[in-house]
Protein chains: 2
Amino acid sequence: MNLTIKDIADLAKVSVATVSRVLNDSDKVKPETKEKILKIIRDYGYKPDKIASSLRKKKTGIYGIIFSVKGGRVLEDTYSTKFLKGVLTFLSKKGLKLIVDIHESQDILEYYKNIIKSKVIDGFILLDIRKNDKRVELLKNENFPFVVIGRNDENNFVYVDSDNVSGAYIAIKHLKEIGCQKILYISGNEGIPVSEQRLSGVKSAEKDLKLRIDIEYGDFDEEKTIEILKSILKRGFNYDGVFCASDTMAYATIKFLRGLGIEVPVIGYDNIPLSEFIELTTVDQNIIKIGYSAAEALHKLANGEEVMSLVVPSKLVKRKSTLSFTTKHI
Amino acid sequence: MNLTIKDIADLAKVSVATVSRVLNDSDKVKPETKEKILKIIRDYGYKPDKIASSLRKKKTGIYGIIFSVKGGRVLEDTYSTKFLKGVLTFLSKKGLKLIVDIHESQDILEYYKNIIKSKVIDGFILLDIRKNDKRVELLKNENFPFVVIGRNDENNFVYVDSDNVSGAYIAIKHLKEIGCQKILYISGNEGIPVSEQRLSGVKSAEKDLKLRIDIEYGDFDEEKTIEILKSILKRGFNYDGVFCASDTMAYATIKFLRGLGIEVPVIGYDNIPLSEFIELTTVDQNIIKIGYSAAEALHKLANGEEVMSLVVPSKLVKRKSTLSFTTKHI
DNA sequence: TTGTATGCGTTATCAT
DNA sequence: ATGATAACGCATACAA
């Protein structure tokens with residue numbers, strides 16, 4: 001049989017109200033009685049029932065994140081785990097919990113709605129945000145706390161995003177530093193925010209650093225990258241540096257060019273595990289930090305605090321794919 | 001303002017008891033009134049408060065898993081995500097939830113104890129099981145439902161484990177099939193269950209298939225593997241096939257031997273992402289299935305059903321690290 | 001500073 | 001087949 005607050009009250013010869021007060025360290029309790037109660041709580045190993053407490057307080061201390069099985073983060077890549085680790089690092093420090101869930105993408109709105117009404121979580125972290133995301137509309141209507149990872153055009157919400165602009169900028173800057181003058185940038189899909197942000201960083205670096213940078217639009221993947229390179233080769237490949245919007249593209253680039261005997265500095269984006277292996281210089285988004293900050297923001301939001309959106313800086317991880325060229329170029 | 005069961009009862013002109021009955025589809029309710037109530041529930045979009053329900057039912061429909069930050073699965077590798085994906089696939093199908101947590105390894109028992117007493121979860125999945133694992137003792141004492149991933153010596157609990165014995169067996173069998181006769185097996189650390197199971201599979205394959213297999217004890221990691229290979233090379237390397245207890249070891253082996261101009265079929269274990277990249281033949285544990293089965297077992301256990309432990313078969317993923325030798329050997 | 005009493009939204013027991 | 005009502009364990013408004 002498990003102890004309840006009533007049992008503790010009886011043992012301490014006080015009322016449940018007083019025990020409840022020390023449990024939530026309300027100040028209006030005499031130090032002596034507080035000590036007495038705490039001792040009994042310790043001696044008997046009493047822990048309050050969080051479900052009962054949640055029902056009363058209308059707060060559970062549990063937050064939620066839903067991974068889409070199709071079309072979004074699938075909870076299979078290292079992004080997901082690193083992100084989770086960041087989130088959990090914050091939450092566990094505060095004694096808070098996280099419900100991780102997955103869902104097929106169809107009736108996703110209904111799914112969110114059910115979870116909200118079931119009252120088990122205090123707030124959501126939203127992944128894979130899209131333009132005119134219906135979830136944002138729903139959560140705002142329900143006045144339910146949430147934090148978005150990434151941005152869209154509206155940004156009528158609190159978000160935590162990677163600083164793609166400066167991330168791309170520092171990559172180009174590094175190419176310049178090792179002596180590159182005419183650079184090829186293979187972008188991600190046109191029209192999606194991440195691509196536009198990275199492209200914008202590339203363009204401002206081009207201006208600031210007085211470089212010549214050609215832009216090609218890829219799709220973050222290998223095949224398209226190789227297509228692009230092939231068509232460039234027809235008119236002659238005369239770049240002394242390549243920057244790609246993803247590590248996958250960078251990998252494809254190196255492999256393809258090497259097959260043709262062309263060796264040129266290449267930088268990728270994301271720092272996926274493969275990149276360490278092939279020693280690819282790349283932009284690391286600091287995903288753990290993003291997760292941590294998102295959890296922190298959500299918790300504040302759920303407690304009625306004012307919260308600002310946040311852009312987390314990335315850092316360049318320098319490896320052989322550029323460093324091995326430093327001597328040649330200088 | 002959110003609807004409660006009382007509101008629905010009033011709208012339907014019945015008592016809350018009746019509404020509760022249709023909610024939990026108890027059979028003792030007239031079809032017409034049931035329909036009437038269901039219609040109102042649908043029309044008004046009512047969803048019961050799970051916290052209130054949990055308090056009454058003494059069940060939340062939430063399960064828990066705790067990752068150790070130090071010394072265990074760190075929620076950083078692909079094992080963790082694949083496993084989670086399996087678990088969540090089952091749970092989401094049943095409308096159940098999962099709390100994912102991390103914890104520093106120190107007062108881990110206290111941590112489990114707190115969570116149990118807080119009443120928020122109905123059962124645990126235990127990772128990184130060890131000999132005489134204190135958590136097992138605790139959970140058994142508390143009579144709290146749990147399922148273990150892996151085994152130890154006692155096995156006085158329900159577990160879901162990978163079939164390391166047959167996994168190792170099929171690897172050796174494949175080596176034999178491509179013509180290997182004298183095989184080197186580099187084991188994992190002596191004395192831990194996984195190592196012993198894989199070794200046992202190797203040994204029975206040795207007998208069954210009439211092979212000559214030499215055993216060396218490594219530690220699942222690169223450095224030790226290379227040490228072992230170096231010492232073998234002193235007396236001459238005369239193996240025509242190598243099987244390693246991990247992909248990492250297999251990778252080290254290939255790299256090291258290749259550096260010496262030695263090309264020999266190599267098989268690893270785990271099918272980590274790198275292995276696809278380097279085209280390493282390896283044993284895949286089917287981690288997603290393990291996660292799925294564990295969640296299923298836990299749910300049954302938490303509902304008082306009898307549950308058997310389970311050993312999930314692995315499969316061999318054949319790639320170039322062995323297939324490129326098929327012609328030579330035949 | 002402490003106690004009393006009520007309610008949080010359900011489910012279960014016992015009537016009817 | 002349905003209703004009235006007492007729990008579930010805790011937190012809080014109000015009283016003392």
Side-chain angles (χ1 to χ4, degrees), chain A residues 1-38 40-41 44-62 95 114-122 303, chain B residues 1-38 40-41 44-62 95 114-122 303:
Chain A
M1 175 52 194
N2 247 317
L3 291 171
T4 73
I5 196 172
K6 179 76 169 52
D7 299 320
I8 302 300
D10 291 350
L11 286 164
K13 297 189 202 314
V14 295
S15 74
V16 291
T18 306
V19 178
S20 178
R21 284 187 189 104
V22 328
L23 248 25
N24 299 279
D25 44 36
S26 149
D27 32 30
K28 303 171 186 177
V29 54
K30 206 204 293 180
E32 312 158 40
T33 52
K34 178 171 180 177
E35 258 324 307
K36 180 176 67 180
I37 293 172
L38 281 177
I40 292 177
I41 287 179
Y44 287 81
Y46 164 75
K47 299 287 170 196
D49 183 323
K50 272 205 180 183
I51 297 299
S53 167
S54 297
L55 177 60
R56 194 53 235 255
K57 288 193 192 169
K58 308 223 143 293
K59 259 193 187 167
T60 62
I62 304 174
N114 283 351
I115 296 185
I116 293 172
K117 296 208 172 173
S118 75
K119 298 279 189 0
V120 293
I121 70 164
D122 294 345
N303 286 4
Chain B
M1 174 52 193
N2 247 317
L3 291 171
T4 73
I5 197 173
K6 179 77 170 52
D7 299 320
I8 302 300
D10 292 350
L11 286 164
K13 298 191 203 314
V14 295
S15 75
V16 291
T18 308
V19 178
S20 178
R21 285 188 188 101
V22 328
L23 249 23
N24 300 278
D25 43 37
S26 151
D27 32 30
K28 304 171 186 178
V29 55
K30 206 202 297 180
E32 313 157 39
T33 51
K34 179 171 179 177
E35 259 324 306
K36 180 176 66 179
I37 293 173
L38 281 178
I40 292 177
I41 286 178
Y44 287 81
Y46 164 76
K47 299 286 169 196
D49 183 323
K50 273 205 179 181
I51 297 298
S53 168
S54 297
L55 177 60
R56 196 53 240 252
K57 288 196 192 167
K58 308 222 147 291
K59 257 189 190 172
T60 61
I62 305 174
N114 282 350
I115 297 184
I116 293 172
K117 296 209 172 172
S118 75
K119 299 278 192 352
V120 294
I121 70 165
D122 294 345
N303 286 4

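Naming convention: chains lettered A, B, ... in sequence-line order (proteins, then strands); numbering from 1 in each chain. Please read all numbers here as calculations on a predicted model, not as lab measurements.
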Next item on the list: Just report the end-to-end axis angle for the helix from C:dT1-D:dA16 to C:dT16-D:dA1, five pairs per end, to 10 degrees.
Entry: 40°

Separation of [N] [atom2] from [X] [atom1] (nearest whole Å):
X: A:N2; N: D:dC8; atom1: CG; atom2: C1'; answer: 13 Å
X: B:K119; N: D:dG9; atom1: NZ; atom2: C1'; answer: 9 Å
X: A:I5; N: D:dC8; atom1: CD1; atom2: P; answer: 14 Å
X: B:I51; N: C:dT11; atom1: CD1; atom2: C1'; answer: 15 Å
X: B:K34; N: D:dA1; atom1: NZ; atom2: P; answer: 11 Å
X: A:K59; N: D:dC10; atom1: NZ; atom2: C1'; answer: 17 Å
X: B:K36; N: D:dT2; atom1: NZ; atom2: P; answer: 8 Å
X: B:L55; N: D:dA6; atom1: CG; atom2: P; answer: 17 Å

Is [X] touching bases, backbone alone, or none of the nucleic acid, heavy atoms closer than 4.0 Å?
X: A:S54; value: nothing
X: B:S53; value: sugar-phosphate
X: A:K50; value: nothing
X: A:K28; value: base

Taking the minimum atom-to-atom distance to the side chain of [X], which one of [options] wins?
X: B:V14; options: D:dA11, D:dG3, C:dG9; value: D:dG3
X: A:T4; options: D:dG3, C:dT10, D:dG9; value: D:dG9
X: B:K57; options: C:dT1, D:dT2, C:dT11; value: C:dT11
X: B:R21; options: D:dG3, C:dT2, D:dT12; value: D:dG3
X: B:S20; options: C:dT11, C:dT2, C:dT10; value: C:dT11
X: A:D49; options: C:dT11, D:dG9, C:dT2; value: D:dG9

Note to self: Does A:K59 form a side chain to side chain donor-acceptor pair (under 3.5 Å) with A:N303? I'd like the steps, not just the answer.
What the structure shows: CA-CA 10 Å; A:K59 259 193 187 167; A:N303 286 4; 3.0 Å; yes

Validation row: [X], [Y] side chains within 4.5 angstrom (heavy atoms):
X: A:I5; Y: A:S20; value: yes
X: B:Y46; Y: B:L23; value: yes
X: A:D49; Y: A:T4; value: no

Check: Between atom CD1 of B:I41 and atom CG of B:L3, what is the distance when rounded to the nearest 0.5 Å?
Finding: 10.0 Å

Notebook entry, point to check: Roughly how far, to the nearest 0.5 Å, is the NZ atom of A:K117 from the CG atom of B:N2?
Noted result: 6.0 Å

Within the structure, does a side-chain N or O atom of [X] lie under 4.0 Å from either OP1 or OP2 of [N]?
X: A:K58; N: C:dG9; value: yes
X: B:Y46; N: C:dT10; value: yes
X: B:T18; N: D:dA1; value: no

Check: Any donor-acceptor pair under 3.5 Å linking the side chain of A:D122 with the backbone of A:G61?
Finding: yes

Next item on the list: Scan for salt bridge (charged side-chain N to carboxylate O under 4.0 Å, His left out) pairs involving residues 29-38 of chain A, sequence neighbours excluded, and state none if there are none.
Entry: A:E35-A:R42

Note to self: If you assign each of B:V29 and A:A52 to its closest nucleotide in DNA chain D, which residue comes earlier from the 5' end?
What the structure shows: B:V29

Notebook entry, point to check: Do B:R56 side-chain and D:dG9 base share a donor-acceptor contact under 3.5 Å?
Noted result: no

